[in-house]
Amino acid sequence: MLQIWGKTPLKGHVTISGAKNSALVLLAGSLLCSGSCRLRNVPSLVDVSLICEILVALGVKVARQGDALVLDASDLTSSKAPYELVSQLRASFFVTGPLLARLGVARVPLPGGCSIGDRPVDLHVKGLQALGADVQIEHGMVNAYIRGGRKRLTGARIYLDFPSVGATENIMMAATLAEGETLIENAAQEPEVVDLANFCRAMGARIRGDGTNRIVIDGVPALHEADYMVVPDRIEAGTFLIAGAITRSEIMLSPVVPDHLTAVIAKLKESGISVVSDAPNQLRVIPASSYRGTDIETLPFPGFPTDMQAPFMSLLTVAEGNSMISETLFENRLQHVAELNRMGADIKLKGNIAVVRGVPKLSGAPVLATDLRASAALVVAGLAAEGMTTIQGLHHLDRGYEHLEDKLRGLGAKLQRVHESTALSAPGNSEETVPSPLAECASENTPSDPLSALI
Ligand code: EPU
C-alpha cells in the first residue's frame, strides 16, 4: 500500500522518464531488425520487463547497459508468444506484425480485455489481412501466415475505421518489410506512433507521413542495426503538471516535448493555471491560489489524451465551479470516480460522462487503484487531501510510472510504501499513530528494479 500525507507543498525539478507506450512498441519493433539494436532511455517498469520476457521467449537476446537495452533479434527461434506472458500485457500483441513480417508466421494469444474496456484487435487483424496474411483465430490464439507460400507481405491501401494507436503501430511495423507501398489512412497521430516511425527509419525503414492521418511505408527487404533513444513520457509529464497544480506548487519538469502536451496545457490554462516553457525541453507549472472547472472530452491525438483523463479529474474535484468530463475512447475508464468520491469529491456519473462539482477540499481515505491511470489520479488527489490517503492495488502503478515515489519524495511529498500486513498490524492504524514518513522512507519499501531479474 502507498500511504500519502497530503497538503505538503512540492518544490523543485523532476526528471521525466522515457515513454512507457513508446518503449513497449519499440521493444516489439526490435524484432524487425536482422541484427542488434540499442534502445536508450527505456523506463524500468513491470510492463517493460514483461515484453522483454516475451522477446526472450521468441529468441531475442536482451542485455541491459544502464538505462539502455541491447536487443539482438538476429536468430529468432520461435514464432509463438507464450500465453502466460501475453495474458498479462495487452501491448504484447505488438509482436504480431513484426513476427509475421520477419518469419512469415506469428502465433500470438488474443490479449483479451482489461479493466478499462474490451479492447478488441479487429483493426490489427484486418490490416494484417490486407497485407496478405491469412489470419485464423482458434482456441484463443491468433495464427497468422503469409498467404500463398510467399516470403514477404504485400503493400496495401488500408483504411482504419478508427485511428487506433496499436493497430497503426502493428500495421506500420509489418509494412516496413512488405513488398511495395502501404498506405494507412485514418492512422493514429500519437507521438508514440511518430517515435516508432523514427526508430524504424533509424533501422532503414522508409516511412513518411507519420504524425498525420496518412502514413506511407515503402517496404524494404531487411532492417539493420540502430541506436535509438525513447521519447520522454508525455503522460508522466502531464501527471506531474497536475501534481504541481493541485498542490499549488511551482515545479519544473524536463526532459519533455511541450508539443506533446498541447491539449493538457490548454485545459490547465482554461482553468487558470499557467504552464511556461523556459527552455525547449522544459516545462514549469505556476500555481494558482484558486482555479476554475472546465469541460474535457477525451479524443485521439492531438485531442485530450484518455490517459490524462483520470489525473485531470482529480484536479477538477477541487476547482471552483462545475466540470464535465466525457470519456470517449474506453468504455470502462471512470472507475476512479467512486474512489475520488470516497475522498470527499462530488462526482456524478451518467454513462461515460462524469459531472464534477468542485468542493473546497479532499480528505484522505483508504482507496483502491483499479487501473494504471486511476492509480495516478488517486496519488495526485492524495497529495492535495487533508490527512492520510492509503492506496491499495499498487501493481497498476508499478506498470507505468518509473520511480514515482522517489520522484515525488524528491519534490518534498510525504509518502511511503508499506506492506499491508505491517500497516494493518500497526496498533490503532490511524493518521496520528503512523510514524513520520520522512523517517520511514527506506529503500526496501520501494519495488526492486523489474528488469534486474531478467538480465
Ligand atoms: N479498438 C478497436 N479495435 C482494435 C483496436 C482498438 O475497437 O483493433 C478500440 C479500443 O477498444 C479502444 C479504442 O479503439 O476503444 C482506442 O484503442 P487504441 O487501439 O487506440 O489503444 P491501444 O493501442 O490499445 C494505446 C495505449 C493506451 C492508450 C491508448 C489511447 C499502449 C501500450 N497503450 O492503447 O495506454 O490509452 O493507446 O491513447 O500504447 C495506458 O498507458 O494506461 C494505456 C491504456
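Whatever order the structure lists them in is the order used to number ligands and atoms, beginning at 1.
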Engineer: In ligand 1, which numbered atoms sit nearer than 4.0 Å to a non-hydrogen atom of H124?
Structural biologist: 8 (O)
Engineer: With a 4.0 Å heavy-atom cut-off (strictly under), which part of F301 contacts ligand 1: side chain, backbone, both or neither?
Structural biologist: neither
Engineer: More than 12 foreign heavy atoms under 6.0 Å from CZ of R206: is that the case here?
Structural biologist: no
Engineer: With atom 12 (C) of ligand 1 as the reference point, say which of I51, I235, L329 has the nearest heavy atom.
Structural biologist: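 Closest candidate by heavy-atom distance is L329.
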Engineer: Parallel, tilted or perpendicular: which fits the ring planes of F93 and H124, with parallel below 30° and perpendicular above 60°?
Structural biologist: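 Rings of F93 and H124: perpendicular, over 60°.
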Engineer: Is there a nitrogen or oxygen of A91 sitting under 3.5 Å from a nitrogen or oxygen of ligand 1?
Structural biologist: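 In this structure, A91 places no N or O atom under 3.5 Å from an N or O of ligand 1.
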Engineer: Decide whether the shortest distance between a heavy atom of E192 and an atom of ligand 1 is less than 4.0 Å.
Structural biologist: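 No, E192 has no heavy atom closer than 4.0 Å to ligand 1.
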Engineer: Would you say the side-chain atoms of D195 pair up with the backbone N or O of V231, donor to acceptor, closer than 3.5 Å?
Structural biologist: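 Yes, D195 side chain to V231 backbone: donor-acceptor pair under 3.5 Å.
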Engineer: Can you list the ligand 1 atoms lying under 4.0 Å from a non-hydrogen atom of K20?
Structural biologist: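 Per the distance check, 40 (C), 41 (O).
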Engineer: Which residue supplies the protein heavy atom nearest to atom 17 (O) of ligand 1, what is that atom called, and how far is it?
Structural biologist: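 Minimum-distance protein heavy atom for atom 17 (O) of ligand 1 reads F330 CZ, 4.0 Å.
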Engineer: Just jot down the ligand 1 atoms closer than 4.0 angstrom to any heavy atom of L372, in number order.
Structural biologist: 42 (O)
Engineer: Among all the protein's non-hydrogen atoms, which is closest to atom 35 (O) of ligand 1, and how far away is it?
Structural biologist: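 Going by distance alone, atom 35 (O) of ligand 1 is nearest to N21 ND2, 3.1 Å.
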Engineer: Where the closest heavy atom to atom 19 (O) of ligand 1 is concerned, which of A167, S164, S22, A28 has it?
Structural biologist: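 Answer by nearest heavy atom: S164.
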Engineer: Under 4.0 angstrom from atom 9 (C) of ligand 1, is there any protein heavy atom?
Structural biologist: no
Engineer: Let's go through D398 and R417 carefully: what are the C-alpha distance in whole Å and the side-chain angles of both, what is the deciding distance for salt bridge (Lys or Arg N to Asp or Glu O under 4.0 Å) to 0.1 Å, and is it a yes or a no?
Structural biologist: CA-CA 12 Å; D398 296 337; R417 190 180 283 236; 2.8 Å; yes
Engineer: Specify the protein heavy atom at minimum distance from atom 16 (C) of ligand 1: its residue, its atom name, and the distance to 0.1 Å.
Structural biologist: F162 CE2, 3.6 Å
Engineer: Taking the basic N atoms (NZ, or NE/NH1/NH2) and the acidic carboxylate oxygens, is any pair closer than 4.0 Å for D295 and K267?
Structural biologist: no
Engineer: Could an N or O of ligand 1 be found under 3.5 Å from any N or O of R119, whether backbone or side chain?
Structural biologist: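 Min N/O separation from ligand 1 is below 3.5 Å for R119.
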Engineer: To the nearest 0.5 Å, what is the distance between CZ on F301 and CZ on R234?
Structural biologist: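 That separation rounds to 6.0 Å.
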Engineer: For atom 41 (O) of ligand 1, what is the nearest protein heavy atom, given as residue, atom name and distance?
Structural biologist: R373 NH2, 2.7 Å
Engineer: Side chain, backbone, both or neither: which applies to V165 and ligand 1 if a contact is any heavy-atom pair less than 4.0 Å apart?
Structural biologist: both
Engineer: Minimum heavy-atom separation for A23 to V42, with atom names?
Structural biologist: CB-CG1, 4.4 Å
Engineer: Side-chain atoms of residues 305-314: list all donor-acceptor pairs with protein atoms under 3.5 Å, sequence neighbours left out, distances to 0.1 Å.
Structural biologist:
{"unit_1": "T306", "atom_1": "OG1", "unit_2": "E327", "atom_2": "OE1", "d": "3.0"}
{"unit_1": "T306", "atom_1": "OG1", "unit_2": "E327", "atom_2": "OE2", "d": "3.1"}
{"unit_1": "T306", "atom_1": "OG1", "unit_2": "R333", "atom_2": "NH1", "d": "2.8"}
{"unit_1": "D307", "atom_1": "OD1", "unit_2": "R333", "atom_2": "NH1", "d": "2.7"}
{"unit_1": "D307", "atom_1": "OD1", "unit_2": "R333", "atom_2": "NH2", "d": "3.0"}
{"unit_1": "Q309", "atom_1": "OE1", "unit_2": "H336", "atom_2": "NE2", "d": "2.8"}
{"unit_1": "Q309", "atom_1": "NE2", "unit_2": "E327", "atom_2": "OE1", "d": "3.0"}
{"unit_1": "Q309", "atom_1": "NE2", "unit_2": "R333", "atom_2": "O", "d": "2.9"}
{"unit_1": "S314", "atom_1": "OG", "unit_2": "A377", "atom_2": "O", "d": "2.8"}

Engineer: Heavy-atom contact check, 4.0 Å cutoff: does D122 meet ligand 1?
Structural biologist: yes
Engineer: Check if K126 has a non-hydrogen atom at a distance under 4.0 Å from any atom of ligand 1.
Structural biologist: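 Heavy atoms of K126 never come under 4.0 Å of ligand 1.
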Engineer: Identify, for atom 43 (C) of ligand 1, the protein heavy atom at the shortest distance, and state residue, atom and that distance.
Structural biologist: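 Result for atom 43 (C) of ligand 1: D307 OD1, 3.5 Å.
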Engineer: Between R38 and E225, does at least one N-O distance fall below 4.0 Å, as a salt bridge requires?
Structural biologist: no
Engineer: Under 4.0 Å from a heavy atom of L123: give me the atoms of ligand 1 that qualify, with their elements.
Structural biologist: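 Here the atoms of ligand 1 in question are 3 (N), 4 (C), 8 (O).
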Engineer: Can you find an N or O of G166 that's nearer than 3.5 Å to an N or O of ligand 1?
Structural biologist: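 Yes.
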Engineer: The criterion is salt bridge (charged side-chain N to carboxylate O under 4.0 Å, His left out); which residues satisfy it with R152, sequence neighbours excluded?
Structural biologist: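 Salt bridge (charged side-chain N to carboxylate O under 4.0 Å, His left out) check on R152 returns nothing, list empty.
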Engineer: Under a plain distance cut-off of 3.5 Å, with no hydrogens placed, do R373 and Y401 share a side-chain donor-acceptor pair?
Structural biologist: yes
Engineer: In plain terms, say whether R147 and D134 are close enough for a salt bridge, that is, a side-chain N and a carboxylate O under 4.0 Å apart.
Structural biologist: no
Engineer: If the contact criterion is a heavy-atom separation under 4.0 Å, does P120 count as touching ligand 1?
Structural biologist: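 Yes; P120 lies near enough to ligand 1 that a heavy-atom distance drops under 4.0 Å.
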Engineer: Could you tell me whether a side-chain N or O of E339 sits under 3.5 Å from a main-chain N or O of L368, the two making a donor and an acceptor?
Structural biologist: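 It does hold such a pair.
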Engineer: Answer yes when D233 and K20 have at least one side-chain N-carboxylate O distance shorter than 4.0 Å, and no when they do not.
Structural biologist: no
Engineer: For ligand 1, does H396 get within less than 4.0 Å through its side chain, its backbone, both, or neither, judged by non-hydrogen atoms?
Structural biologist: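 Answer for H396: neither.
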Engineer: Using a 4.0 Å heavy-atom cut-off, which part of E169 comes near ligand 1: side chain, backbone, both, or neither?
Structural biologist: neither
Engineer: Any idea which protein heavy atom is nearest atom 44 (C) of ligand 1, and the distance to it?
Structural biologist: R333 NH2, 3.3 Å
Engineer: In this structure, are over 12 heavy atoms from other groups packed under 6.0 Å from Y159 atom OH?
Structural biologist: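 More than 12 heavy atoms, drawn from other residues, nucleotides or ligands, come within 6.0 Å of this atom.
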Engineer: So which protein heavy atom does atom 30 (C) of ligand 1 come closest to, and at what separation?
Structural biologist: T306 CG2, 3.8 Å
Engineer: Is ligand 1 under 4.0 Å from a heavy atom in the side chain of V121, in the backbone, in both, or in neither?
Structural biologist: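 For V121, the contact with ligand 1 is made by the backbone alone.
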